[in-house]
There are 2 protein chains.
Amino acid sequence: MKNIDPEWNNFRNISDGGDGFPSDMKYSIKFHDKNEVIFRQGDLCDALNILMTGSVKTEMITENGNLLGIEIINAPRPLAPAFLFSGNNRFPVDVTTLEDVEILRIPKDEVIRLMTSQPDFMQQFLIHNANRTQFLTNRLQLLSIKTIKGKIAHFLLEQAGEHGDTFTLNRNQTELADFFGVARPSLARSLSEMIEEGIINVNKKEYKVLDKKKLRELLV
Amino acid sequence: MKNIDPEWNNFRNISDGGDGFPSDMKYSIKFHDKNEVIFRQGDLCDALNILMTGSVKTEMITENGNLLGIEIINAPRPLAPAFLFSGNNRFPVDVTTLEDVEILRIPKDEVIRLMTSQPDFMQQFLIHNANRTQFLTNRLQLLSIKTIKGKIAHFLLEQAGEHGDTFTLNRNQTELADFFGVARPSLARSLSEMIEEGIINVNKKEYKVLDKKKLRELLV
DNA sequence: ATTAAAGTGTAACAGTTGTTACACCTTCAA
DNA sequence: TTGAAGGTGTAACAACTGTTACACTTTAAT
């Protein structure tokens, strides 16, 4: 559930030509302020947009009007690159800036030219899209768990696997509830019960996994 | 929610070389019987597998052991091509044959060679992956609707948009419940109530949308 | 330091869904 | 034709989650 895509860190290297890009590459750069909605769900997606500096959050609005938080994206990373080539090439989410950002925009035909002429660029693109698909699949798996405690268990076990039994989240309770697609008080209740049962410990945004075995049982 | 990917119908054309493939392409073909599990969730994915004839179903097993039906795939179509390039290149789902099938297997390095040497092949690959991503996003959207009636409404409106107000599904009630990630009797109850309210009509697998306005209200 | 805003804990209640069980109806094969 | 198996309708109850409301704590800004 981490948002690190190391393969895009060498984007500048891939297309290096002195100033970081091939001298003949067509592109434009846009700047946006903090807390600005820069793309909306349904917006046409006719260029590859790469977040060069700053961070954004993506949110999906379901048809019932609820917010289903998806993820926080830190630079450098492309935004929804897969949709550049989809039949209905429209943004699947709302994109909101969390700080001042810089966006590199490469038109679609230019992307195609780069991919055919620069195999490395193509492979990075493929790898990134593959990881995105995997991310969505994980998300699907999380949402398909029906109980709140089950979702918490799935999520915390995943985090513990990556960062050890004690870790700090960058989400508050409300954001975590959105992430799980549940109501905030319901999440708080489940967390309280799990603390009561001695399975976990929570202090602000710091989480401790105390009993992995019981956590796993919650997935059953 | 249809499983047609027209862009892959000309796969034979793309790589045509007399017998349908380039004479120097490395590949192998495997045959499997009906009702065979040919890939399991977690299997290594080190080649591009293309379903040439027959049909399969993919199922995701959540950690709580529940089945979350994903889709039915008809030939010709590649199976989980995106995961060929992902960091953790493992199958995200179980794949089970619904009839006798023929699978074309192209090793990963050969796929890379084809992509760099045949721009059309690359574009088809990109388009397909983009559509897969969109499919997953739709699936995510459906699952994020919390009420069963809401899911039904979302699904039926989508179907009605594609096929008109009367259409026949290729899923029975149990499979539809799995697709929605809900219990079968719960789905039956919601359907009954919606029939009672004159919103829809159901006869076996034939569905009629009677009141689109009320259906849309269920999404609110 | 003070105040407003944001975040958190908790309770009561309503509403929805899951579970289990069973009757009935199809379909298909022996 | 007659089982047997699979599919569907329904009911009673349990379990879980959402809603609303409010008190309390923490954070950030002036």
Side-chain angles (χ1 to χ4, degrees), chain A residues 34-35 57 62 64-69 96 98-99 142-155 168-197 199-208 217-220, chain B residues 34-35 57 62 64-69 98 142-155 168-197 199-208 217-220:
Chain A
K34 183 178 177 178
N35 292 328
K57 68 173 173 182
T62 67
N64 56 9
N66 283 351
L67 236 57
L68 181 71
T96 309
L98 294 175
E99 40 189 324
L142 180 65
L143 272 184
S144 70
I145 297 174
K146 283 161 194 161
T147 66
I148 296 182
K149 286 188 182 178
K151 292 178 203 235
I152 296 171
H154 175 93
F155 179 74
T168 304
L169 297 183
N170 58 350
R171 301 175 141 91
N172 62 30
Q173 209 181 69
T174 305
E175 291 166 339
L176 199 57
D178 281 345
F179 183 71
F180 289 157
V182 302
R184 203 270 310 164
S186 301
L187 175 63
R189 172 172 46 204
S190 293
L191 283 174
S192 292
E193 289 170 5
M194 290 167 77
I195 294 169
E196 188 73 19
E197 294 161 15
I199 301 177
I200 60 173
N201 224 323
V202 181
N203 195 330
K204 297 177 190 174
K205 292 181 180 176
E206 185 183 290
Y207 289 72
K208 284 192 186 185
E217 286 170 5
L218 287 174
L219 300 173
V220 180
Chain B
K34 183 178 177 179
N35 292 328
K57 68 174 173 182
T62 67
N64 55 10
N66 283 350
L67 236 58
L68 182 70
L98 293 175
L142 179 65
L143 273 184
S144 70
I145 297 174
K146 282 161 194 160
T147 65
I148 296 183
K149 286 188 183 178
K151 292 178 203 236
I152 296 172
H154 175 94
F155 179 73
T168 304
L169 297 184
N170 58 351
R171 300 174 142 91
N172 62 30
Q173 210 180 69
T174 304
E175 290 166 339
L176 199 57
D178 282 344
F179 183 71
F180 289 157
V182 302
R184 202 270 309 164
S186 302
L187 175 63
R189 172 173 45 204
S190 293
L191 283 174
S192 292
E193 288 170 7
M194 290 167 78
I195 294 170
E196 188 72 18
E197 294 162 14
I199 301 177
I200 59 173
N201 223 323
V202 181
N203 195 329
K204 298 177 189 174
K205 293 181 179 175
E206 185 183 290
Y207 289 72
K208 283 192 186 186
E217 286 171 4
L218 287 174
L219 300 173
V220 180

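First the proteins, then the strands, lettered A, B, ... as listed; each starts at 1. Just the heavy atoms: all of them, side chains too, but no hydrogens, waters or symmetry mates, feed the values below.
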Participant: From CD of A:Glu196 over to C1' of C:dT10, roughly how many Å is that when rounded to an integer?
Facilitator: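 Roughly 13 Å, once rounded to whole Å.
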
Participant: Would you mind telling me which of A:Leu187, A:Leu219, A:Leu176, A:Leu143 makes a side-chain contact (heavy atoms from CB on, under 4.5 Å) with A:Lys151?
Facilitator: A:Leu143

Participant: Once you round it to whole Å, what is the distance between P of C:dG7 and CZ of A:Arg171?
Facilitator: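 The distance from CZ of A:Arg171 to P of C:dG7 comes to 14 Å, rounded to the nearest Å.
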
Participant: Looking at every heavy atom in both A:Leu169 and A:Tyr207, which two are closest together, and how far apart are they?
Facilitator: CD1-CE1, 3.4 Å

Participant: Is the phosphate of C:dG9 approached by A:Gln173 (side-chain N or O, under 4.0 Å from OP1 or OP2)?
Facilitator: yes

Participant: So if I take every side-chain heavy atom of B:Ala188 and compare against C:dT8, D:dT10, C:dT10, which nucleotide ends up nearest?
Facilitator: D:dT10

Participant: Look at B:Thr174 and D:dG6 and indicate whether a side-chain polar atom (N or O) is within less than 4.0 Å of OP1 or OP2.
Facilitator: no

Participant: Rounded off to whole Å, could you give me the CG-to-P distance for the A:Leu191 and C:dG7 pair?
Facilitator: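 Distance check: A:Leu191 CG to C:dG7 P gives 16 Å.
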
Participant: What pairs of residues pass the salt bridge (Lys or Arg N to Asp or Glu O under 4.0 Å) test when at least one of them lies in residues 182-195 of chain A, not counting sequence neighbours?
Facilitator: A:Lys149-A:Glu193

Participant: Holding to side chain to side chain contact (heavy atoms under 4.5 Å, CB included), I want the full list of residues that pass it with B:Lys57, two or more places apart in sequence or in another chain.
Facilitator: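 B:Lys57: side chain to side chain contact (heavy atoms under 4.5 Å, CB included) contacts with B:Glu59, B:Ile72, B:Thr96, B:Leu98.
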
Participant: Give a yes or no answer on whether the side chain of B:Ser186 reaches the backbone of B:Val182 with a donor-acceptor pair at less than 3.5 Å.
Facilitator: no

Participant: Heavy atoms only: give me the nearest A:Glu175-A:Asn170 pair and the separation to one decimal.
Facilitator: OE1-O, 4.0 Å

Participant: Taking all non-hydrogen atoms of both residues, which atom of A:Gly150 and which atom of A:Ile145 are closest, and how far apart?
Facilitator: C-CG2, 3.6 Å

Participant: Who passes salt bridge (Lys or Arg N to Asp or Glu O under 4.0 Å) against A:Glu99, sequence neighbours left out?
Facilitator: none

Participant: B:Ile145 has an atom CD1; how far is it from atom C1' of C:dT17, in whole Å?
Facilitator: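 Distance, rounded to whole Å: 16 Å.
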
Participant: May I have the distance from A:Glu175 (atom CD) to C:dA6 (atom C1'), rounded to whole angstrom?
Facilitator: 11 Å

Participant: Reading nucleotides 16-30 of chain D 5' to 3', which nucleotides get B (base under 4.0 Å from a protein heavy atom), which S (sugar-phosphate only), which -?
Facilitator: -BBBB------S---

Participant: C:dC28 P sits how many Å from B:Asn172 CG, rounded?
Facilitator: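 About 13 Å, once rounded to whole Å.
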
Participant: Whole angstrom is fine here: how far is it from CG in B:Leu218 over to P in C:dT16?
Facilitator: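 So the CG-P distance, B:Leu218 to C:dT16, works out to 11 Å.
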
Participant: Could you pull out every donor-acceptor pair under 3.5 Å between side chains of residues 199-206 of chain A and any protein atom, sequence neighbours left out?
Facilitator:
none

Participant: A:Leu169 has an atom CG; how far is it from atom C1' of C:dG7, in whole Å?
Facilitator: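 The distance from CG of A:Leu169 to C1' of C:dG7 comes to 15 Å, rounded to the nearest Å.
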
Participant: For the helix from C:dA1-D:dT30 to C:dA30-D:dT1, what is the angle between the axes at its two ends, each from 5 pairs, rounded to 10°?
Facilitator: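 Both end axes considered, the difference amounts to 40°.
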
